[in-house]
Amino acid sequence: MITKEDINWANETFAKIHHKLTLQVQRVGEKIPYIPDMQSGKYEEDMATTDPVWWTNGFWAGILWQMYHATGNEQYREVAEENEKRLDKAFDIFNGLHHDVGFMWLHTAVANYRLTQNERSKTRGHHAAQLLAGRYNPRGKYIRSWNRDRAGWVIIDSMLNIPLLYWAEKEIQDPRFRFIAEDHANKVMNNLVRPDGSVNHIVVFDPTNGDLLETPAGQGYASGSSWSRGQSWAIYGFALSYVHTHNQAYLDTAKKVAHYFISEVEKNKWIPLVDFRAPKDPVMIDTSAGMIAACGLLEIANHVPDLEKELYQDAAIKLLRTIEQRYSIWDERKDGLISGATGSYHEDRWTEVPIIYTDYYFVEGILRLLDKDFLIW
Ligand code: GLY
């Protein structure tokens with residue numbers, strides 16, 4: 001149950017976020033941020049310059065659109081619009097863009113269009129949706145995730161990209177986009193989600209017929225393990241596919257993965273390990289998994305009977321509050337809101353650091369509790 005005390009906490013946290021972001025927005029300027037510099041604690045790198053096609057390049061704009069929607073502060077809107085224009089370079093480059101065009105343009109162009117009806121933004125959203133639909137494999141009935149020699153690779157993160165297709169279906173009034181999204185969601189549901197509610201990060205299909213070939217470790221510890229951010233992508237992704245299709249199987253899948261996630265994260269006092277099935281040492285955590293899962297759990301709670309809501313809301317509150325208490329960065333001189341995010345199990349360079357997507361889901365989670373969010377997905 002969400003108590004009055006939880007709402008008071010969320011209100012106080014929202015005020016702190018707003019205060020810090022108004023300073024950060026001035027410091028960051030037109031840059032597209034990713035991870036603050038280790039020494040200065042500030043966003044130094046501009047991803048629009050160093051890696052315009054990088055999958056996280058929409059999240060800063062997503063934060064700004066959510067904050068603009070919640071506060072009406074024009075500064076947020078101006079910087080988000082600037083980020084969107086600078087991402088046009090990624091369309092021009094094209095090489096390197098993959099299924100993450102959903103993350104990139106849902107948070108920039110589509111968010112802009114949803115809130116301001118900007119026609120240029122709508123066109124950008126269409127452009128991105130066509131790119132995503134163009135990755136569909138009609139024999140395998142899935143959207144390929146990555147490029148190069150990976151025609152049969154599908155990763156669980158894709159479930160957060162397909163809402164771009166649900167949006168395009170309504171905007172273009174062409175059901176092909178939904179058919180592709182549904183085929184993909186079904187393929188993921190039947191092949192990446194395991195019977196116990198845990199989820200593979202990656203499944204490789206035969207691109208000529210869709211047969212399952214292998215299940216690599218991906219960003220988790222090993223094949224057969226349980227990368228926590230992958231579990232949270234599944235929780236939120238299937239909840240969103242339910243929102244857009246009302247297919248009960250998607251909600252049931254989101255709930256199944258949620259039950260597994262809750263039982264695992266409770267064991268480490270609501271701080272997700274990077275992988276729930278990794279060796280006991282070293283202990284590595286990933287706060288981003290907790291924030292993504294919290295948003296997914298709050299979405300599930302919107303669609304279940306009253307008696308069931310409490311389970312999902314309680315878990316979401318515990319994740320948000322515990323992670324905020326232990327990993328928030330309220331120091332005004334530093335950029336980023338939440339530390340403790342980890343890119344992947346075997347890659348040292350992004351271990352337990354602030355990463356822009358953690359902040360996005362933190363902001364969305366707090367705004368959800370206060371009914372100040374809008375559905376960006
Ligand atoms: N979508 C890539 C990741 O979650 O790290």
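The first residue of the sequence shown is numbered 1, and numbering continues consecutively from there. Just so you know, ligand 1 is whichever comes first in the structure, and atom 1 is the first atom listed for that ligand.
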For ligand 1, would you mind listing the residues that have at least one heavy atom less than 4.0 Å away, ordered by chain and number?
Trp55, Asp157, Gln219, Trp227, Arg229, Trp233
What distance separates Leu87 CG from Asp92 CG, expressed to the nearest 0.5 Å?
11.0 Å
Does CD in Gln173 sit with more than 12 non-hydrogen atoms of other residues, nucleotides or ligands closer than 6.0 Å?
no
Does CZ in Arg139 sit with more than 12 non-hydrogen atoms of other residues, nucleotides or ligands closer than 6.0 Å?
no
Considering only distance and modelled atom types, tabulate donor-acceptor pairs under 3.5 Å from the side chains of residues 146-154, sequence neighbours left out.
unit_1, atom_1, unit_2, atom_2, d
Asn147, OD1, Arg135, NH1, 3.1
Asn147, OD1, Arg135, NH2, 2.7
Asn147, ND2, Leu97, O, 3.0

Using a 3.5 Å cut-off and no angle test, enumerate the donor-acceptor pairs between side-chain atoms of residues 304-312 and protein atoms at least two apart in sequence or in another chain.
unit_1, atom_1, unit_2, atom_2, d
Glu308, OE1, Lys255, NZ, 2.9
Lys309, NZ, Ala301, O, 2.8
Lys309, NZ, Val304, O, 3.2
Tyr312, OH, His259, NE2, 2.6

Sequence neighbours excluded - ring-ring contact (aromatic ring centres under 6.0 Å, His included) pairs with any residue from residues 167-186:
His126-Trp167
